[in-house]
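What follows is a short report on a single structure.
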Number of protein chains: 2
Amino acid sequence: MTPHNKKIPRMSIERLPIYYRTLCNLADNGYLRIKSAQLGKIIQIEPTTIRRDFSYFGDLGKSGYGYDIAHLIQIFGEILEVNETQGLALIGVGNLGRALLINNFRRNPNLEIVSAYDADPHVIGETINEVTIQSLNELKEDSQTQAIKGVISTVPSHAFQEVVDYLVACGITSILSFAPEPVHVPKNVHVRYLDLTSEVQNLLLLSDIAEV
Amino acid sequence: MTPHNKKIPRMSIERLPIYYRTLCNLADNGYLRIKSAQLGKIIQIEPTTIRRDFSYFGDLGKSGYGYDIAHLIQIFGEILEVNETQGLALIGVGNLGRALLINNFRRNPNLEIVSAYDADPHVIGETINEVTIQSLNELKEDSQTQAIKGVISTVPSHAFQEVVDYLVACGITSILSFAPEPVHVPKNVHVRYLDLTSEVQNLLLLSDIAEV
DNA sequence: CCATTTTTGTTAATTAAATCACATTTATAG
DNA sequence: CTATAAATGTGATTTAATTAACAAAAATGG
Ligand SMILES: NC(=O)c1ccc[n+]([C@@H]2O[C@H](COP(=O)([O-])OP(=O)(O)OC[C@H]3O[C@@H](n4cnc5c(N)ncnc54)[C@H](O)[C@@H]3O)[C@@H](O)[C@H]2O)c1
Ligand SMILES: NC(=O)c1ccc[n+]([C@@H]2O[C@H](COP(=O)([O-])OP(=O)(O)OC[C@H]3O[C@@H](n4cnc5c(N)ncnc54)[C@H](O)[C@@H]3O)[C@@H](O)[C@H]2O)c1
């Protein structure tokens, strides 16, 4: 059997980071192999969903044996490009941005906030975790001299569209926002939202609507 | 036509908070009515999806007119229970938890972190934004004297299962975690994850796999 | 008041995701 | 080496979500 050539479903890709992280944890704990049923127990995904997901990335398992954890990590790590540093820029170093910068993806060696920007003159010039906060208009030049693969924005909603317009002008195409303000961008630019309020509201809602 | 009696799809419920927020913004800006097509433009959802979603909650629109914004806000607000304060507890007041507590859902008058807990004696006793940080084992009593509708956890992954076990013992059934550690809970307990690393990895991935 | 336009709500069609079910492969034990 | 057990990978099926298409309803403009 050869690897699929069908288009890989969006949801299978979305689950890759979870697979990757879980497999790394297992490897760290000395495990060498895993069966879809065991993995499913850990991350609460049906084994059959796991097997189908994996099948999109090649013939990764062995019948009667399971999957070699190191091999899965190798394959998934390649897709996630964990062997090259993915430089990120942080826009808005308020309370939330500061927390992200202090942590700076400690657990993910290949993700790194390499530069940070703010509009507040009181904040500009301050150094946190070896990153010196700059004025946002320095980003254009920075993005030419260093690889910035994406941006995390923790600016307030009211500033977000304006910031995004500037980022787009700088050639940034991947933006993750903590402000839920919907923005308009060219279709080659991707904006994802991490919407805390919606998450909390849904959490409370789905508990109310007592489970199936 | 009468309201549906079919089961409301998960995804329609998931979108409610976004509808609600957007409609409130429109109302704040003086708008009185909205058409599914306009709303779709703003939040990037197909008008037909919006109309179908709305239809689950009653006969809310008028042909040739659109939807009355105040009416939608009323209906959706009721479902989201925005008129009763939803008390939340915060567990883990490190850098991230602190940012959440300082903000404390400023923009959402009905969501409120009413108590905060940590394990670190240096942190316990400190007051942030009128909330005094307590030892986690105070939560059991607190949850009996004040309504805690849900918990936000910003404790490190390695502590999360232990914290969750305690929360479950206290009768908490809704938990939002910033640590991606998968935990086991009874099936009446809901855990949602806000997984920053996965979001970033997917953001970069989906940009690589150049858009459809 | 009537004709035209707009826009909803929903049935039908489509697309996407998850799951079932099982033939096939490999491991293992005797 | 063979028989048995275990687990994968994938067609077939089911379930869920989205989108298309359009009849019916309401508004608007003579
Ligand atoms: N903190 C939370 O609990 C929380 C929760 C949910 C969502 N959010 C979202 O994240 C945003 C940030 O939260 P926060 O608590 O860090 O707020 P904050 O006010 O502490 O920080 C915002 C930062 O953005 C900077 N900024 C403003 N306009 C800018 C611009 N045009 N360019 C560059 N920087 C600019 C400000 O100077 C400030 O440092 C919030 O507005 C909200 O939309 C925060
Ligand atoms: N900060 C980030 O950028 C970031 C990004 C992604 C995910 N996260 C997740 O959020 C978690 C918290 O992030 P942070 O930056 O605030 O870390 P942090 O270390 O600053 O804060 C963690 C807090 O949890 C407390 N704690 C530890 N064990 C506890 C227990 N058993 N009971 C109660 N409190 C306990 C600690 O005392 C500390 O105050 C991280 O471990 C990570 O899993 C953080």
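So that the names make sense, note that chain A is the first sequence line, chain B the second, and so on, each numbered from 1. Just so it is clear, the values below take in all heavy atoms, side chains as well, and ignore hydrogens, waters and symmetry mates. All values reported here derive from a predicted model rather than from experimental measurement.
Closest to the B:Arg33 side chain, of the nucleotides D:dT19, D:dT28, D:dT10, is D:dT28. Distance from the side chain of A:Tyr65 is smallest for C:dA27 among the nucleotides D:dA17, C:dA27, D:dT10. Listed nucleotides: C:dA17, D:dT8, C:dT11. Nearest to the side chain of B:Arg52: C:dT11. Nearest nucleotide to the side chain of B:Thr48, out of C:dA18, C:dT8, D:dA20: D:dA20.
In this structure, A:Tyr56 atom OH and C:dA18 atom P are separated by 9 Å, rounded to whole Å. Atom pair A:Asp59:CG and D:dA7:C1' shows a separation of 13 Å (rounding to whole Å applied). For the pair B:Lys35 NZ and D:dT28 P, the computed distance is 10 Å after rounding to whole Å. Across the protein-nucleic acid pair, B:Asp68 atom CG and D:dA26 atom P stand 15 Å apart, rounded to whole Å. Per the geometry, CD belonging to A:Glu46 stands 6 Å off P belonging to C:dC20, to the nearest Å. For A:Ile13 and C:dA18, the CD1 to P distance is 13 Å, given to the nearest whole Å. One can place NZ of A:Lys7 at 11 Å from C1' of C:dA17, the figure rounded to the nearest angstrom. Between the CG atom of A:Asp53 and the C1' atom of C:dA17 there is a distance of 10 Å, rounded to whole Å.
No hydrogens or angles considered: nothing links the side chains of A:Asp142 and A:Ser115 as a donor-acceptor pair under 3.5 Å.
Within the structure, every side-chain polar atom (N or O) of A:Ser63 is placed at least 4.0 Å from both OP1 and OP2 of C:dT24. Contact annotation: B:Lys62 does not reach the phosphate of C:dT8 (side-chain N/O to OP1 or OP2, under 4.0 Å). Regarding contacts with the backbone of D:dG9, every side-chain N or O of A:Arg51 stays at 4.0 angstrom or more from both OP1 and OP2. The phosphate of C:dT19 (OP1 or OP2) has a side-chain N or O of A:Thr49 nearer than 4.0 angstrom.
No contact: B:Phe54 has no heavy atom under 4.0 Å from any strand. Contact annotation for A:Ser36: backbone-only contact, meaning every heavy-atom pair under 4.0 Å involves sugar-phosphate atoms and none involves a base.
Between B:Phe54 and B:Tyr19, the distance from one ring center to the other falls under 6.0 angstrom.
Taking the ring centre of B:Tyr67 as origin, the terminal cationic atom of B:Arg33 falls outside the region bounded by 6.0 Å and 45° from the ring axis.
The two residues A:Val131 and A:Ala116 make their nearest non-hydrogen contact at CG1-N, 3.6 Å. Across B:Asn110 and B:Glu81, no two heavy atoms sit closer than the pair ND2-O, 3.5 Å.
A residue-by-residue look at B:Ile34 and A:Ser12 shows that B:Ile34 has its nearest nucleotide of DNA chain C further toward the 5' end.
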